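One structure is given below, encoded as structure tokens.
This is a predicted model, so every value here is computed, not measured.
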Amino acid sequence: MPEHSTTVRDVAALKVARVGRVEKSDDPLRPYRLVDADGTEVAAVSEFLHHMLADDASPTSLRSYAYELLAWVRFLRAVDVPWHLASRVEARDFALWLKTTKKPPRQRRPDAPAPGSVNPVTGKAVPGENYAARTRRHARAVIRSFYEYHRETHGRPLINPFPQSALPMRGVRMRITTRCSRSGGPHVAAPINPRSPSRPRGPFLTRRSTTCSPG
């Protein structure tokens, strides 16, 4: 019997083009929409955002969800996989790509602190060149909720590329969460989920509670 063989995608060599965009509209029922590289509205994303609006998500949150899904759509285009056929392999490789890719460059003042440096007084870290774990966790939560919506509503795709936590979080179904449930339950680590780094503390920075309050 031949040995089981696997193909590991060279994530470092991927060229993820910055195509497609998030568009704002004056329609209060469709404040944002995602269009692909061809300028075509991504209907699956529009339907999900419409559902989240009905679930009382704010326009600001909808914009955030749309941009997270734009990154996912761009990645899937680069690996030539339709969204409804994405597997755990794509989820894993997306997590690796998001962890290692650099954010688009932004104009900085000449005297601005170096990316990733830490303020010695406040202990706050200056945003680094790569996406922070918190940002990556939010992207994972949004994309997972997108797939769960379509699974529950349409029965497809059969598999959510982003696995659920080892234990279910109380009180959470479609509501997007990255740390704790709305009922105050603890967050349970899930596969392919970035860990929150320990926060450095300066002399004037007190310890903060890690308990999430509902809302």
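In L85, the CG atom is crowded: over 12 heavy atoms of neighbouring residues, nucleotides or ligands sit closer than 6.0 Å. Residue-environment remark: CZ (R77) stays at or below the threshold of 12 foreign heavy atoms within 6.0 Å.
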Working for side chain to side chain contact (heavy atoms under 4.5 Å, CB included), residues E148 and Q164: CA-CA 10 Å; E148 280 304 294; Q164 188 177 7; over 6 Å; no
Can you list the steps and then say if L69 with V142 is a side chain to side chain contact (heavy atoms under 4.5 Å, CB included)? CA-CA 7 Å; L69 289 165; V142 171; 4.1 Å; yes
Would L34 and V73 count as a side chain to side chain contact (heavy atoms under 4.5 Å, CB included) if you check the C-alpha gap in whole Å, the side-chain angles of each, and the deciding distance to 0.1 Å? CA-CA 10 Å; L34 175 60; V73 168; 4.0 Å; yes
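Here the CZ-CG distance, from F48 to D55, works out to 9.5 Å after rounding to the nearest 0.5 Å. Taking CZ of F162 as the start and CD1 of I143 as the end, the distance is 4.5 Å to the nearest 0.5 Å.
E90 has a carboxylate O that lies under 4.0 Å from a charged side-chain N of R9, or vice versa, which qualifies the two as a salt bridge.
Formation of a donor-acceptor pair under 3.5 Å by the H150 side chain with backbone atoms of A44 is found in this model. Checked by atom type and distance alone, the side chain of T135 never pairs as donor or acceptor with a backbone atom of Y131 at under 3.5 Å. Checking side-chain atoms of D36 against main-chain N and O of T40 turns up a donor-acceptor pair under 3.5 Å. Using modelled atom types, one side-chain atom of H50 and one backbone atom of L29 make a donor-acceptor pair closer than 3.5 Å. N160 places no side-chain N or O within donor-acceptor distance of the main-chain N or O of P163, the cut-off being under 3.5 Å.
Between F75 and W97, the ring-plane angle classifies as tilted under the 30° and 60° cut-offs.
In this structure, W72 has its ring center no closer than 6.0 Å to that of F146.
Closest of all the heavy-atom pairs between A57 and L62 is CB-CD2, 4.0 Å. Across all non-hydrogen atoms, the minimal contact from G20 to L70 is C-CD1, 3.9 Å. Shown here for A66 and L49, the closest heavy-atom pair between the two residues is CB-CD1, 4.1 Å. In terms of heavy-atom proximity, S87 sits nearest to P161 at O-CB, 3.5 Å.
Donor-acceptor pairing under 3.5 Å is lacking for the side chains of S64 and S61. Residues E47 and H154 bring a donor and an acceptor atom of their side chains to less than 3.5 Å of each other.
Using a 4.5 Å cut-off on side-chain heavy atoms (C-beta onward), K103 and N130 make no contact.
E68 pairs in a side chain to side chain donor-acceptor pair (under 3.5 Å) with only one of the listed residues (H138, R63, R136), which is H138.
The side chain to side chain donor-acceptor pair (under 3.5 Å) test applied to R33 returns E23, E41, not counting sequence neighbours. T153 meets the side chain to side chain donor-acceptor pair (under 3.5 Å) test with no other residue; sequence neighbours excluded.
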